[in-house]
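Everything numeric here is computed off the predicted structure, so don't read it as measured data. Residues take their numbers from the sequence shown, with the count starting at 1.
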Amino acid sequence: MPLAAFPKCYLDALLVTRTMTTEDWVDLAATELNIDGVELYTPLFAEWPTNRVNSLRKRIESCGLQMPMLCHSPDFTIPDNKAREQEIQAQRDAIRLTQRLGGSYCRVLSGQRRPGLTRAQGIALAVDSIHRVLPDAEAHGIVLYLENHYKDGAWKYPEFAQQTDVFLELLEKLGEHPNLAVNFDPSNALVAGEDPLRLLAAVRDRVATMHASDRYLEGGSIEDLHRLDADPHTGYASLLRHGVIGEGLNDYDAIFAQLADAGFHGWISIEDGDDPIGGIERLQLSATFLRAKMAEFGLP
C-alpha cells in the first residue's frame, strides 16, 4: 500500500506568505520523508503555465515519487446557477490537471452547508453537479473521490454532507460508477461528533483512498466547535487542531483492521499539520507510525 503526504502544515507558506514553492515542498518531501507520493492541492496551481506543470511532474518523478491524489474543493451547493457552473468547470479543470500531473484520483465534495439550504436541495445540487463531471473523469481516466469532509480553509460554512447520514444518502443517490469512490478521513467523522468506525463500516467497500490524520480540541468541546461553525467565518475554528498521527483521538488499530478485512490496497495520504515550525519532524513521526501500522496489518 503506497503512502503519500499532503502539505497541510505548509499551506500558509505556499499560499499566503509565498515563502515556499510547490517545488520546494516536493524536494522536502522527497529528501526527508519515507513516502511514495505527494498529494497536491488545486489552489497551488493558480495561473501556472503549462510548462511549469509539466516541469513539476518531471521533478516529482525524478525524485522517485508520484502525485496520486489532487485535493480539490468544489462548492456545488451554491444556489446561483452561474456560480455553480463555474464550480463545475473548475472541477473539470482539476480533473485535467490531475491527469497532467500523472495522478489517478481527484477530490470531489458536496459544497458548503449554507443557512436555509434544505437537505433535499443540497443533495440534489451536489448529485446533479457530480453527475455532470463524471463523464470528464471517465474520459481522462481519473477516479473522483468523495470525502467525508469538514471544511475547506477558504469556506465560511462546513461541508454540506459532513454528517454521516447525509454523506451516505448523497453516496447512495450518486449510485455506483467506476470513476467514483470514497476518500475516508477518520478525523472528519470525529469533528462531526460521530464514530469514524461506523462510517468506515458503511463505506469500506467503496474506499479507494484515505486521509490519515489525527485531531484534538484545544480549549473547547465538539459542542463548542459546532456552535462556532454555526456562524460564518472563513477557515477552521481555532480550537480544532491537527496532531501527529497516532497521538490523537483515532483508533488506528481498529481502522486498519477494517481496511485489511475489506481488502483495501489504495493510497493513504498523511494530513498532519498546524505547526510549520515542527512540520517536517511531525510528518516524519506520522509516516513512521503509519508504515509500522501498515506492516502490522499486512498493508505494505
With E247 via side chain to side chain donor-acceptor pair (under 3.5 Å) - residues at least two apart: none

A257: partners by side-chain contact (heavy atoms from CB on, under 4.5 Å), with sequence neighbours left out: F297

Pairs flagged by ring-ring contact (aromatic ring centres under 6.0 Å, His included) wherever residues 38-92 is involved - sequence neighbours left out: F6-Y41, F45-W48

Residues forming a side-chain contact (heavy atoms from CB on, under 4.5 Å) with D165, sequence neighbours excluded: R119, Q163

Residues which pass side chain to side chain donor-acceptor pair (under 3.5 Å) with Q121, listed by chain and number, not counting sequence neighbours: T118

With L125 via side-chain contact (heavy atoms from CB on, under 4.5 Å) - residues at least two apart: R84, L117

Pair R113, T77: side-chain N/O donor-acceptor within cut-off below 3.5 Å: no

Residue pairs involving residues 177-199 (criterion salt bridge (charged side-chain N to carboxylate O under 4.0 Å, His left out); sequence neighbours excluded): none

Listed partners of S110 passing side chain to side chain donor-acceptor pair (under 3.5 Å), at least two apart: E159

Test side-chain contact (heavy atoms from CB on, under 4.5 Å) applied to E138 - qualifying residues, sequence neighbours left out: H177, N179

Sequence neighbours excluded - ring-ring contact (aromatic ring centres under 6.0 Å, His included) pairs with any residue from residues 86-119: none

Heavy-atom side-chain contact between I255 and N250 under 4.5 Å: yes

Any pair counted as ring-ring contact (aromatic ring centres under 6.0 Å, His included), so long as it reaches residues 125-145, sequence neighbours left out: none

Spacing of E61 atom CD and L56 atom CG [to the nearest 0.5 Å]: 10.0 Å

Partners passing side chain to side chain donor-acceptor pair (under 3.5 Å) against Q112 (at least two apart in sequence or in another chain): D75

